Amino acid sequence: NLMPFPMFEPLSFHNMFQPFFDMIHRAQQAMDVHLHSMPYHFPTAEFPGENANRTVCKEIRHNSTGCLRMKDQCDKCREILSVDCSTNNPAQMQLRQELNTSLQLAEKFSKLYDQLLQSYQQKMLNTSSLLAQLNEQFSWVSRLANLTQGEGQQYFQVTTVSSHNSDPSVPSGLTKVVVNLFDSQPITVTVPEEVSNPKFMETVVEKALQKYRQKHRE
Amino acid sequence: DKAISDKELQEMSTEGNKYINKEIKNALKEVKQIKTLIEETNEERKTLLGTLEEAKKKKEDALSETRDSEAKLKASEGLCNETMTALWEECKPCLKQTCMKFYARVCRSGSGLVGQQLEEFLNQSSPFYFWINGDRIDSLLENDRQQSHVMDVMQDSFARASSIMDELFQDRFFSRGPQDTFFYSPFGPSQRRSLFFNPKSRFAR
């Protein structure tokens with residue numbers, strides 16, 4: 001018995017499952033809303049060139065700074081970079097050296113951070129897809145919550161069983177069964193087993209549940 | 001092929017109900033397994049978050065040093081101004097042409113406005129900015145801003161999802177072993193709300 005104290009009534013299906021369903025749905029929504037709408041493009045290992053080009057195009061369109069990345073292709077621009085002002089101020093050269101070193105380091109760490117951020121995003125997406133799976137796994141059960149509140153309901157009722165002998169429209173060797181399952185319209189399943197087969201009802205239920213789940217997924 | 005009697009149909013229905021109960025119990029077991037997977041992924045996420053924080057610290061230290069050096073260098077701006085300006089005037093047309101060619105070939109969108117904007121940008125830029133790799137510094141700072149934004153968005157989404165998941169997984173349904181689900185008869189007769197599982201009490205907390 002789930003309940004630790006006899007003074008409490010056993011749980012109803014509704015009490016137990018409906019909140020779970022709502023919560024899983026909310027959790028998944030909270031994860032998905034932003035994860036799929038992030039404007040930031042992580043640099044990808046597969047197409048580094050393409051990604052870099054996309055960034056440069058974006059920078060050119062935005063404020064033209066992307067063009068400065070092409071300075072190596074012009075002699076005079078390269079010359080600017082190698083201008084030596086140390087005769088005027090030796091400290092300036094030292095400072096420039098320090099700047100270049102820290103800039104390279106910062107670029108390296110920025111790239112590393114990008115990679116880690118991408119892995120982190122992947123972990124978040126994995127969690128989100130597990131929540132989606134949880135939702136998928138759970139929703140058909142939790143859907144039953146609303147259906148199990150009345151007294152004395154029949155959740156699974158076999159209404160008709162026919163074979164080729166009683167109904168010529170049923171192919172030979174098969175058995176057609178019509179069942180009512182939960183709140184659905186009558187579900188018709190055709191199984192290869194005969195009524196006398198010990199597996200008969202298991203096969204019927206499996207097929208009926210499959211149809212029920214499929215219908216609710218749709 | 002004798003007709004199936006009402007009694008037999010009823011027996012079949014009872015038998016079918018047993019299988020349905022079994023299926024529901026299996027679904028519940030699987031739900032618990034997914035919950036375990038979610039927890040494992042979350043542990044991996046936490047470890048990764050630690051690594052991210054370390055990397056962030058290193059990145060920020062390097063950025064801060066870059067900005068310091070940049071500020072100090074700016075204080076000495078003007079020392080080689082003449083040389084730089086002369087070279088800059090010759091560098092600009094080549095840079096513009098190279099950039100426009102690249103844009104037309106790679107970016108594949110209207111280049112008219114971009115050309116005008118680039119002209120203005122080059123005329124306003126100083127060779128000193130160029131000399132100290134100002135574009136790389138700006139690009140780095142912009143990246144830093146975007147990375148912080150992405151991280152904030154992810155953390156915010158996760159915090160919201162996580163508080164719901166914590167609430168959900170604290171429930172005694174999840175804290176029991178999978179075998180414990182077998183006690184449960186999904187079609188129990190009671191309709192009364194339990195105090196333990198009353199969703200209102202959870203939301204209030």
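The structure displayed is predicted, hence computed values, not measured ones.
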Next on the checklist: What verdict does the side-chain contact (heavy atoms from CB on, under 4.5 Å) test give for A:Leu81 and B:Phe130, after you've listed the backbone C-alpha separation in whole Å, the side-chain angles of each residue and the deciding distance to 0.1 Å?
Outcome noted: CA-CA 7 Å; A:Leu81 293 171; B:Phe130 194 88; 4.2 Å; yes
Item to check | Verdict with reasoning, B:Ser139 to A:Glu107, per side-chain contact (heavy atoms from CB on, under 4.5 Å) | outcome: CA-CA 10 Å; B:Ser139 169; A:Glu107 282 173 341; over 6 Å; no
Next on the checklist: Could you go through A:Leu105 and B:Thr66, starting from their C-alpha distance and side-chain angles, then the distance that decides it, and tell me whether this counts as side-chain contact (heavy atoms from CB on, under 4.5 Å)?
Outcome noted: CA-CA 9 Å; A:Leu105 206 60; B:Thr66 306; over 6 Å; no
Next on the checklist: Test side-chain contact (heavy atoms from CB on, under 4.5 Å) on B:Met154 and A:Leu117; report intermediate values, then the result.
Outcome noted: CA-CA 10 Å; B:Met154 284 205 277; A:Leu117 212 51; 4.0 Å; yes
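Residues B:Gln117 and A:Ser64 have side chains that bring a donor and an acceptor to within less than 3.5 angstrom of each other. Of the N and O atoms on the side chains of A:Tyr120 and B:Gln155, at least one donor lies less than 3.5 Å from an acceptor on the other residue. Judged purely by distance below 3.5 Å, without hydrogens or angles, the side chains of B:Asn143 and A:Lys111 never pair a donor atom with an acceptor atom.
With chain A as the partner, the residue from B:Glu44, B:Arg45, B:Gln97, B:Glu65 showing the most heavy-atom pairs under 4.5 Å is B:Arg45. Your options are B:Lys72, B:Arg136, B:Arg67, B:Glu142, and the one with the most heavy-atom pairs under 4.5 Å with chain A is B:Arg136. Heavy-atom pairs under 4.5 Å with chain A were tallied for B:Glu90, B:Glu120, B:Met84; the largest tally goes to B:Glu90. Among the candidates B:Asp144, B:Asn42, B:Leu49, the residue making the largest number of heavy-atom pairs closer than 4.5 Å to chain A is B:Leu49. The most heavy-atom pairs under 4.5 Å with chain B, out of A:Leu131, A:Asn126, A:Asp75, come from A:Leu131. Chain A forms the most heavy-atom pairs under 4.5 Å with one residue out of B:Leu140, B:Leu63, B:Leu52, and that residue is B:Leu52. Heavy-atom pairs under 4.5 Å with chain B were tallied for A:Leu103, A:Val161, A:Ile60; the largest tally goes to A:Leu103. When each of B:Asp68, B:Asp138, B:Ile137, B:Thr83 is checked for heavy-atom pairs under 4.5 Å with chain A, B:Ile137 comes out on top.
Residues B:Ile34 and A:Leu130 share a closest heavy-atom pair of CG2-O, 3.5 Å. Nearest approach of B:Leu95 to A:Cys74, heavy atoms of both residues: N-SG, 3.5 Å. Nearest heavy atom pair, residue A:Thr65 against residue B:Asp135, reads O-CB, 4.4 Å. The minimum heavy-atom distance between B:Glu70 and A:Leu99, with the atom names listed, is N-CD1, 3.8 Å. The two residues A:Ser110 and B:Gln147 make their nearest non-hydrogen contact at O-NE2, 3.1 Å. In terms of heavy atoms, B:Tyr103 sits closest to A:Arg61 at OH-CG, 2.9 Å.
For A:Leu112, the part lying under 4.5 angstrom from a heavy atom of chain B is the side chain only. Residue A:Val195 touches chain B through its side chain alone, counting heavy-atom pairs closer than 4.5 Å. Both the backbone and the side chain of A:Val158 come within contact range of chain B, each with at least one heavy atom under 4.5 Å from a heavy atom of that chain. Looking at A:Asn100, only its side chain comes within 4.5 Å of chain B, counting heavy atoms on both sides. Heavy atoms of A:Arg78 lying under 4.5 Å from chain B are absent altogether. With a 4.5 angstrom heavy-atom cutoff, A:Thr101 does not touch chain B via any of its atoms. In this structure, chain B has heavy atoms under 4.5 Å from both the backbone and the side chain of A:Val83. In this structure, the portion of A:Glu59 lying under 4.5 Å from any heavy atom of chain B is its side chain and not its backbone. Heavy atoms of A:Ile80 lying under 4.5 Å from chain B belong to its backbone as well as its side chain.
Here the side chains of B:Tyr19 and A:Leu209 are not in contact, with every heavy-atom distance at 4.5 Å or above. Side-chain atoms of A:Glu202 and B:Lys22, non-hydrogen and from C-beta on, do get closer than 4.5 Å to each other. A:Phe156 has its side chain out of reach of B:Lys18: every pair of non-hydrogen atoms, C-beta onward, lies at least 4.5 Å apart. Residues A:Phe200 and B:Glu15 fail the side-chain proximity criterion, which asks for heavy atoms closer than 4.5 Å. Using a 4.5 Å cut-off on side-chain heavy atoms (C-beta onward), B:Ile20 and A:Leu181 make contact.
Each disulfide bond (SG atoms under 2.5 Å apart) pair with one or both residues in residues 82-118 of chain A, not counting sequence neighbours, appears once here: A:Cys85-B:Cys80.
Distance check, rounded to the nearest 0.5 Å: CE of B:Met151 to OH of A:Tyr113 gives 5.0 Å. A distance of 11.5 Å separates CG of B:Leu48 from CD of A:Gln121, quoted to the nearest 0.5 Å. Between atom OG of residue B:Ser69 and atom CD of residue A:Glu98 there is a gap of 5.5 Å, rounded to the nearest 0.5 Å. The NZ atom of B:Lys59 lies 10.5 Å from the CG atom of A:Leu116; values are rounded to the nearest 0.5 Å.
When the ring-ring contact (aromatic ring centres under 6.0 Å, His included) test is applied to B:Phe121, no partner is found at least two apart in sequence or on another chain.
Of the residues A:Gln104, A:Arg96, A:Lys71, the one that meets the side-chain hydrogen bond (donor to acceptor under 3.5 Å, both in side chains) test with B:Asn133 is A:Lys71.
With hydrogens and angles ignored, the 3.5 Å screen pairs no side-chain donor or acceptor of A:Gln73 with any backbone N or O of B:Thr98.
A:Cys67 pairs with B:Cys99 as a disulfide, the SG atoms being under 2.5 Å apart. In this structure, A:Cys77 and B:Cys94 have their SG atoms no less than 2.5 Å from one another.
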